Structure formats: C-alpha cells, structure tokens
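Everything numeric in this text was worked out from a predicted model, so none of it was measured. As a basis for the values below, the full set of heavy atoms in this structure was taken, side chains included, without hydrogen atoms, waters or symmetry mates. Letters A, B, ... mirror the listed sequences (proteins, then strands); counts begin at 1.
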Number of protein chains: 2
Amino acid sequence: MIRNTRQRTAVNAVFDELEGFHSAQEVHARMRASGDSIGLSTVYRAVQALVDDGELDSIRTDAGEAIYRRCSTRHHHHLVCRSCGRTEEVEGPTVERWADRVAAEHGFVDVTHTLEIFGTCAACHSAGAPSADQPG
Amino acid sequence: MIRNTRQRTAVNAVFDELEGFHSAQEVHARMRASGDSIGLSTVYRAVQALVDDGELDSIRTDAGEAIYRRCSTRHHHHLVCRSCGRTEEVEGPTVERWADRVAAEHGFVDVTHTLEIFGTCAACHSAGAPSADQPG
DNA sequence: CCGTAGTCGACAACAGTTCTCACATGCTCC
DNA sequence: GGAGCATGTGAGAACTGTTGTCGACTACGG
C-alpha cells in the first residue's frame, strides 16, 4: 500500500512551483530553507516514487547527478545544450515508431527507450568557442 | 608536454579491441585480468585524456557511471533485454536524421545523441515474467 | 647518460545515492 | 473514534564512482 504522507505531498508540491530540472539535494535544501522538516533519504525516495509514477522526469547531468522535473504525461525527449545546460523538450513520433518497430523486428516486447540529444545551443555557439569536439 | 607512456598506450589499445561502451572500472579490471599492471586513477586519467583528444566518446549510464567507446566505431544503438541483459546492436538512419533535424530546428549545433531501447526479448518473454513496468 | 617535468599508483577524500533500523504515523477494520 | 500494524521517516553509516594527493618513477630532450 502506498501512503499519502506530508513529506511525499510536500516534495510533489515543490515541483509544482519549480520549473526546469532540479536535483534531489536541491529540493531537499529548498524545503529545509523554507522551514519544511524532511530528511534527504525521504526526498530521494519521494522523488523516485514520483518518477515511477510518471509524474517526474529524470535525467543525469554530465557530472553524474540525477535531476528531476515535473513532466507532462506525454512522452518526450530532451535536447540539452552541453554548454549552458539549457533543455528543450522535443517530441518525435518518428522515433517512437522506429524504436517500436526495430524492437519488434528483434522479437522484443514491453519496449521502452531513452533518448537524449546533446548539442550547443545557438546562444552558446555564437557567444563562445568556435568549435567543439564531435563525439560519436 | 604529453608523454607516450606504456599505460596510456595500453588503455588506448583496449578500446581498439573493444566494441561499444565500457566503463573506466571495467577497462581497469580487464587490463588487470590480462596481466597489465595499471592503477585505477591512471585509467581514469587516460580515458579522460582520450575523450579530450576526441578519441573516445563518453556518456553516462542511468546509474551515473561514465562509459566510453572509441569514436570511430560505426554509430549504432543498443536494444537491451531488461531481463537477461542480452544486447543487440541496431542502426537507424531515421533516428539520426530526426535527431539532427530536431536539433537544427532549435538552433543547436555540434549535435550528438544517445539512444537505448529496452524491452524483453522473445526468449525471456516466452519463458518468464508475464509483464513488466513501462517506465518513461 | 642526466636532469627534469610529466606521469604513475596506492590510498585518501569526496559527492551523490542507497541502506539500516528504531521510531513515528497513515490506513483499515472494527 | 480508537487499535493494530504495515508502511514511511530520518539521521547517519555505508557504498559506489570519481577525483585529488604526493612521493616515487620514467620518458624524453639535450
């Protein structure tokens, strides 16, 4: 059974008023700062539960930190600027279909996928270094 | 000055004979197992140097571990069975084009992407658990 | 062969995350 | 509205991947 606790509600509420991606630690610090008493472990648990429920969307930063954001129930992917970290949501029925088809061709079922696109956004490109490494 | 040491050469060589993504720890273990004497720190340093040189491509796993692969290998994606771990390599010009296009539409340059497909392979599906969660 | 500065490697330190476990509390049943 | 109890909480320890430290080592130019 899953209980509806003060802490869980509070973490959920934090993401209501926050835009963009935020780490568990950041959420914890923010809650503490605003007078909410909550443990770090609890924040991690709550956040993971929300991800499991599909309420939050999570990705990993380049530094290995997990960051979360309220996500529309709609499936989408991220276009991340590797310089400033700016993130755009993108949707691609094309990709969804492709992934499902390819998986089906190999006999896979219960298929899901993760896709992240990394690049340098226009602002960073015109502002900053003229070139970047071209991995992959 | 950058020296050409036995260790650096060895790490580089490991990626010559390895396909796909591999973690620094894995490389270290593999080298040790094959009789190479090398420190973990050195592997990390070597791998990062190779990434800086554009010889290796690095991404983060969902678990927060950094994994690396030789850049020159043909770009492809993985279809992973979440039950037995079996991995198939798949290619998709469709996806490549889609990713590039979407990124371009948002003004992003120097675009790369990561894509993993997860599912239950035919063998595991017929043999085992009837259902699985449907994350993200 | 020498000098030296870049490198190595064992280990410590660090950050993010997960685990532990005694205690607290939401839910269900009455 | 309670009693009972499974589930949640939270402080801190433990764990994992990664980076820093620092004395010893060694590749490389001369």
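- Counting non-hydrogen atoms under 4.0 angstrom, B:Q48 reaches the backbone sugars and phosphates but no base.
- Nearest to the side chain of B:Q7, among C:dC27, C:dG9, C:dT18, sits C:dG9.
- Each of D:dT18, C:dG9, C:dT25 was ranked by its minimum atom distance to the side chain of B:I38; first place goes to C:dG9.
- If you take CG of B:D52 and C1' of D:dT19, they are 14 Å apart, rounded to a whole angstrom.
- At a cut-off of 3.5 angstrom, counting only N and O atoms as typed in the model, there is no donor on one side facing an acceptor on the other between the side-chain of B:R3 and the base of C:dT7.
- Distance from the side chain of B:A66 is smallest for D:dT18 among the nucleotides C:dA10, D:dG8, D:dT18.
- Residue-level contact check: A:S23 touches neither bases nor backbone, having no heavy atom under 4.0 Å from any strand.
- A:H28 places a side-chain N or O within donor-acceptor distance of the main-chain N or O of A:I38, the cut-off being under 3.5 Å.
- Look at CG on B:N4: it is 11 Å from P on D:dG29, rounded to the nearest Å.
- Between the side chain of A:R8 and the main chain of A:R3, a donor-acceptor pair closer than 3.5 Å is present.
- For B:L40, the side-chain atoms get nearest to D:dT18 when compared with the rest of D:dG10, C:dT17, D:dT18.
- Following rounding to the nearest Å, B:I67 (CD1) and D:dT16 (C1') show an atom-to-atom distance of 16 Å.
- The separation between A:R45 atom CZ and C:dT20 atom P is 12 Å, rounded to whole Å.
- A donor-acceptor pair under 3.5 Å is absent between the side-chain atoms of B:H22 and the main chain of B:L18, judged by distance alone.
- Nearest-nucleotide positions on DNA chain D place B:E65 closer to the 5' end than the other of B:I2 and B:E65.
- Taking side-chain N and O atoms only, B:R8 has a distance below 4.0 Å to OP1 or OP2 of C:dC8.
- The side chain of B:S41 lies closest to D:dT19, out of C:dC8, C:dC27, D:dT19.
- Considering A:H113, A:E89, A:E91, A:E116 in turn, A:H113 is the only one that fulfils the side-chain hydrogen bond (donor to acceptor under 3.5 Å, both in side chains) rule with A:H77.
- Using a cut-off of 4.0 Å between Lys/Arg side-chain N and Asp/Glu carboxylate O, B:E65 and B:R60 are scored as not salt-bridged.
- In terms of phosphate contacts, B:R32 brings no side-chain nitrogen or oxygen within less than 4.0 Å of OP1 or OP2 of C:dG9.
- Put simply, CZ on B:R60 is 15 Å from P on C:dA15, counting in whole angstrom units.
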Review point. Is there a salt bridge (Lys or Arg N to Asp or Glu O under 4.0 Å) between A:D16 and A:R70 once you walk through the steps?
Key: CA-CA 7 Å; A:D16 279 339; A:R70 165 128 288 144; 2.3 Å; yes
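- A close approach under 4.0 Å does occur between a side-chain nitrogen or oxygen of B:T5 and OP1 or OP2 of C:dC8.
- Between A:R6 and D:dG10, a side-chain N or O to OP1/OP2 separation shorter than 4.0 Å is present.
- Within the 4.0 angstrom heavy-atom criterion, base atoms lie near B:T42.
- Residue A:Y44 has no polar side-chain atom (N or O) positioned under 4.0 Å from OP1 or OP2 of C:dT18.
- In the set C:dT7, D:dT18, C:dG16, C:dG16 carries the atom at the smallest distance from any side-chain atom of A:Q25.
- Nucleic acid contact for A:A63: none, since no nucleic acid atom lies under 4.0 Å from a heavy atom of the residue.
- The CD atom of A:E26 sits 12 Å away from the P atom of C:dT17 (whole-angstrom rounding).
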